Protein chains: 2
Amino acid sequence: MARTRASDYDDKRRTILDRSAELFAAHGFDRASMSRIADACGVSKANLYHYYRDKEAILFDVIRVHLEVLLEAVEAADLPGLPPQERLRRLVGALLEAYRDADAQHKVQINDLALLPPARQDEVRAIERELVRLFAEAIAGVAPHLRGTRVLKPVTMSFFGMVNWHYLWFREGGGFTRSDYADLVTRIIADGTRGIAAEPEPARAVAAGR
Amino acid sequence: MARTRASDYDDKRRTILDRSAELFAAHGFDRASMSRIADACGVSKANLYHYYRDKEAILFDVIRVHLEVLLEAVEAADLPGLPPQERLRRLVGALLEAYRDADAQHKVQINDLALLPPARQDEVRAIERELVRLFAEAIAGVAPHLRGTRVLKPVTMSFFGMVNWHYLWFREGGGFTRSDYADLVTRIIADGTRGIAAEPEPARAVAAGR
DNA sequence: CCTACCGATCGGTAGG
DNA sequence: CCTACCGATCGGTAGG
């Protein structure tokens, strides 16, 4: 019945992260005061500082935990042995499902990441890069003629543009589901890249000092 | 030689908008103080209030003017008589060109629009909708089987996702140009939508009060 | 773990 | 009387 102290501690941090994400998303990081976060969590403002050193540490953890959840969900859904288009479809579906209850976190990532100091941004970007690497690999599976060319990156970033933009227009329960959108994006990428010219990646300028 | 007073006034407002956009984009709206904006413009803070009623009015104008410039550029490039794919290509090219020196404005639109009061947001969104309407029409040109179906919106928003996400990865002078990206996006949309199933738009629930 | 309070800085406006 | 501005400082609130 009695929970361990460690578990309470983690639950409390998770509550703080969730309420903070909602307030940051709704009002912006600078306008969501620590007092309002404390009220939303049902604790005193001073108590917040027991769990997080400062406001910025909360922002960092909101984004870090969000991206780790995304990455884990996508990695768990990955079946590299599947036919390429089915593999991509599963990954897209897992990503869109992971976004289902993470609209606030997603907005915070997009709008407030730049408010972190560079070192913290780099930590977060390392997780982002892992996600990009995985999808670039899966996209290269459905478009093998693009593997190793300089258009694979623009295509991959176009994919992330589609998926990461969805929070601005996609609404639950409108007949067009997350699964429908996963189908659509997979098809657009698979069919849309067939006719792309496959210029080779230009060799990096070597010698000459660097 | 001597400029009219009105022209000076407009020049000054444009300077304020440009410097403010840069500072808002670099530090976020709330962290870019009126003092720093004034410094960047080479005027006193009090002088800023001669041109704009308050800080929020600057934010509104930054976004409004930005979107009007985008819309005008795209409308000026539109040749509805062209073959559909060429027409779309021209529109995408014009949009990406209009973004060339508007990275700051674009970031402000994405990150700080929500800080405006709802009425101001609506004014801005009306311009956005005009842009969306125009591209939806052009996309329906290259994918006529989607016209009037409920997938036209997701496809159109996927297009905007690709294009509006580009500021996060696209870098000038990297061999892959804006024109290359306009080609890529046009192709992905044109070829990627060919195999999309054309479900009809479900009729709106009529009668029964509403 | 809270109440009480700080040093710093904000957006906006006064008099002249 | 108006406009276009300046130096100085206001009341209020932020993070801690």
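Since the model is a prediction, treat every value here as computed from it, not as a measurement. Note on naming: letters A, B, ... go to the chains in the order of the sequence lines (proteins, then strands), and numbering restarts at 1 for each one.
The CD1-P distance, from B:Ile16 to D:dC5, rounds to 10 Å in whole Å. As a whole-Å value, the separation of B:Glu56 CD from C:dC10 P is 19 Å. Straight-line distance from the CD1 atom of A:Ile37 to the P atom of D:dG16: 10 Å, rounded to whole Å. Taking atom CG of residue B:Asp30 and atom P of nucleotide D:dT13, one finds them 15 Å apart after rounding to whole Å. Counting to the nearest Å, the C1' atom of C:dC10 and the CG atom of B:Asp54 are 14 Å from each other. Across the protein-nucleic acid pair, B:Tyr49 atom OH and D:dA4 atom P stand 19 Å apart, rounded to whole Å. Nucleotide C:dC10 holds its P atom 12 Å from the NE2 atom of B:His27, rounded to whole Å. Rounded to an integer number of Å, the gap from CG of A:Asn47 to P of C:dT3 is 11 Å.
With distances taken from any side-chain atom of B:Ser44 to the nucleotides D:dG15, C:dC2, D:dC6, the minimum falls on D:dC6. Side-chain proximity of B:Met34 to C:dG11, D:dG15, D:dC5: nearest is C:dG11. Checking C:dG11, C:dT13, D:dC5 against the side-chain heavy atoms of B:Ser33 singles out C:dG11 as nearest. Side-chain atoms of B:His50 lie closest to D:dA4 of the nucleotides C:dT13, D:dA4, C:dC10.
Note that the CD atom of B:Glu128 and the CG atom of B:Leu113 stand 6.0 Å from one another [nearest 0.5 Å].
A close approach under 4.0 Å does not occur between any side-chain nitrogen or oxygen of B:Tyr9 and OP1 or OP2 of D:dT3.
Backbone-only contact: B:Ala32 has heavy atoms under 4.0 Å from sugar-phosphate atoms and none from a base. Residue contacts shown for B:Tyr52 are absent, as no nucleic acid heavy atom lies under 4.0 Å away.
No donor-acceptor pair closer than 3.5 Å links the side chain of A:Lys107 to the backbone N or O of A:Tyr167. A side-chain donor-acceptor contact under 3.5 Å links B:His166 to the backbone of B:Val163.
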Begin from the C-alpha positions of B:Asp61 and B:Arg64 and carry the test salt bridge (charged side-chain N to carboxylate O under 4.0 Å, His left out) through to its verdict. CA-CA 5 Å; B:Asp61 232 31; B:Arg64 184 186 62 79; 2.7 Å; yes
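No hydrogens or angles were tested; on distance alone, a donor-acceptor pair under 3.5 Å links the side chain of B:Lys45 to the base of C:dG11.
More than 12 non-hydrogen atoms from other residues, nucleotides or ligands lie less than 6.0 angstrom from CZ of A:Arg100.
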